Amino acid sequence: MSRTASNRAAPRDPFAVLGRPLPPDFYRRSSLQVAPDLLGLLLCHDTVDGLVAGRIVEVEAYKGPADLAAHSARGRRTARNEVMYAAGGCAYVYFIYGMHFCMNVVTAVPGAPEAVLLRALEPVAGEDLMRERRGARAATAALARGPGNLTRALAIDRRQNGIDLATSELRILRPADDSFPRPAPRDIVRSPRIGVDYAGAWAKRRWRFSLRGSASVSVPPRARPAR
DNA sequence: GAATAGATTGTCT
DNA sequence: GACAATCTATTCT
């Protein structure tokens, strides 16, 4: 067959084998609705070093202005969190503790400052590159366990702040492979968010969502039973 | 196994 | 000047 014209014309899409982007409406909902729906999807980053992808297994919803744990609490709007006020579907990346980046998915409609923090992935592609970036000879399940480790394993930093997650080098995809099925509701665990004790009653809300049984979830969702 | 401290800097009061 | 949507190693029990 010599029908190479169309092949030549089509730009190579390194993401195509992994899955397809989500439609804009997926992100234009409350962070409380989007958060559990992100579980099982793929976060992928294509850089000069190679393509890396992981299955999202742990997230947290932040819903300003009411939510006092959110950067947008009480309607706070600064240069740092400005992108939270944009339309859902882009990345919000910020620097914390002098050494870590955290990545969020902006949700809801323009003007509603909501986001979902991505806390952990199970490696799916580019495991060697992830391990190289993490340095240590870490276990596979731990390569992107925890928000700081996730951004480091995927080489995510300020440069990705505000970019579109459907069209950029950093994307979220619905997996094409049947070996990554949509998680059943009973496999989604709700628990309080991590590291927001300063937010009082808001810290007790179970706005963390994780996949039951995943070895990559950062903090065991259930407090250890006392015995 | 649980608790603690140190690293290190952008952001906001 | 205080502190943060963290991680790791170390030091207790």
Side-chain angles (χ1 to χ4, degrees), chain A residues 30-32 34-36 38-39 43 54 56-86 88 90-108 112-121 123 130-162 189-210 215-227:
Chain A
S30 163
S31 58
L32 270 300
V34 175
L38 286 170
L39 296 176
L43 178 66
I56 299 170
V57 297
E58 182 186 351
V59 301
E60 284 176 0
Y62 288 86
K63 184 179 170 61
D67 177 13
L68 295 186
H71 289 172
S72 53
R74 297 191 181 90
R76 187 168 60 169
R77 185 169 188 165
T78 66
R80 179 178 69 156
N81 72 1
E82 176 62 31
V83 68
M84 286 186 79
Y85 289 81
C90 62
Y92 168 40
V93 183
Y94 65 89
F95 185 66
I96 193 169
Y97 294 122
M99 60 188 78
H100 299 295
F101 289 98
C102 289
M103 178 191 165
N104 295 250
V105 176
V106 174
T107 74
E114 305 190 21
V116 178
L117 172 68
L118 303 184
R119 288 192 55 92
L121 312 175
M130 294 173 88
R131 186 167 281 112
E132 196 175 306
R133 288 165 173 161
R134 289 291 318 282
R137 44 189 182 283
T140 298
L143 290 173
R145 177 197 288 154
N149 290 334
L150 182 158
T151 54
R152 188 162 172 210
L154 269 70
I156 295 167
D157 60 31
R158 287 183 185 79
R159 291 170 294 184
Q160 282 75 46
N161 188 44
V189 181
R190 296 181 56 158
S191 52
R193 294 172 291 181
I194 306 296
V196 295
D197 290 345
Y198 57 83
W202 292 90
K204 295 186 169 62
R205 301 221 170 182
R206 300 191 306 160
W207 285 4
R208 179 165 76 124
F209 302 84
S210 58
S216 293
V217 171
S218 64
V219 180
R222 286 172 188 279
R224 179 172 307 282
R227 51 166 299 161

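A quick note: this is a predicted structure, and the numbers were derived from the prediction, not measured. Each chain gets a letter, A, B and so on, in the order the sequences are listed, and its residues count up from 1.
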Provide, to the nearest angstrom, the distance between the [atom1] atom belonging to [X] and the [atom2] atom belonging to [N].
X: A:F101; N: B:dT11; atom1: CZ; atom2: P; result: 9 Å
X: A:D197; N: C:dC3; atom1: CG; atom2: C1'; result: 14 Å
X: A:R77; N: B:dC12; atom1: CZ; atom2: P; result: 13 Å
X: A:E58; N: C:dA5; atom1: CD; atom2: C1'; result: 11 Å
X: A:N81; N: B:dC12; atom1: CG; atom2: P; result: 7 Å
X: A:E114; N: C:dA5; atom1: CD; atom2: P; result: 18 Å
X: A:R193; N: C:dT6; atom1: CZ; atom2: P; result: 12 Å
X: A:Y92; N: C:dA4; atom1: OH; atom2: C1'; result: 11 Å

- prompt: Is there a stack between A:Y62 and C:dA5, judged by ring centres under 5.5 Å and planes under 30°?
  reply: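 Yes; by the centre-distance and plane-angle rule, A:Y62 counts as stacking on C:dA5.
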field: From NE2 (A:H71) to CZ (A:R80), nearest 0.5 Å
entry: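 If we round to the nearest 0.5 Å, A:H71:NE2 and A:R80:CZ are 4.0 Å apart.
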query: At what distance, to the nearest 0.5 angstrom, does CH2 of A:W207 lie from NZ of A:K63?
result: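 Those atoms lie 7.0 Å apart.
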Counter-base of B:dT4, judged by Watson-Crick or G-U geometry with both distances under 3.5 Å: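 When the pairing criteria are applied, C:dA9 turns out to be the nucleotide that pairs with B:dT4.
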Closest to the [X] side chain, choosing from [options]:
X: A:R158; options: B:dG10, C:dA5, B:dT11; answer: B:dG10
X: A:I96; options: C:dA4, C:dC7, B:dT13; answer: C:dA4
X: A:M99; options: C:dT6, C:dC7, B:dA7; answer: B:dA7

Please determine if a side-chain N or O atom of [X] lies less than 4.0 Å away from the OP1 or OP2 oxygen of [N].
X: A:Y198; N: C:dA5; result: yes
X: A:R134; N: C:dT8; result: yes
X: A:R119; N: C:dT6; result: yes

Under 4.0 Å, heavy atoms only, any strand: does [X] hit a base, just the sugar-phosphate, or nothing?
X: A:G98; value: base
X: A:F95; value: sugar-phosphate
X: A:N149; value: sugar-phosphate
X: A:R152; value: nothing
X: A:R80; value: sugar-phosphate

- prompt: For atom CZ of A:R74, is the number of surrounding heavy atoms from other residues, nucleotides or ligands below 6.0 Å larger than 12?
  reply: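 Open: at most 12 neighbouring heavy atoms sit under 6.0 Å from CZ of A:R74.
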Exam field: side chain A:R133 to backbone A:A153, donor-acceptor pair closer than 3.5 Å: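 Confirmed, A:R133 side chain pairs with A:A153 backbone.
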- prompt: Is there a donor N/O on one and an acceptor N/O on the other, under 3.5 Å, for the side chain of A:Y97 and the base of B:dA7?
  reply: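 Donor-acceptor pair under 3.5 Å: no.
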- prompt: Closest approach of A:G148 and A:H100, non-hydrogen atoms and distance?
  reply: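 That would be CA-ND1, 4.2 Å.
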task: Over 60° means perpendicular and under 30° means parallel, so classify the ring planes of A:F101 and A:F95, tilted if in between.
output: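 Tilted: the ring planes of A:F95 and A:F101 meet at 30° to 60°.
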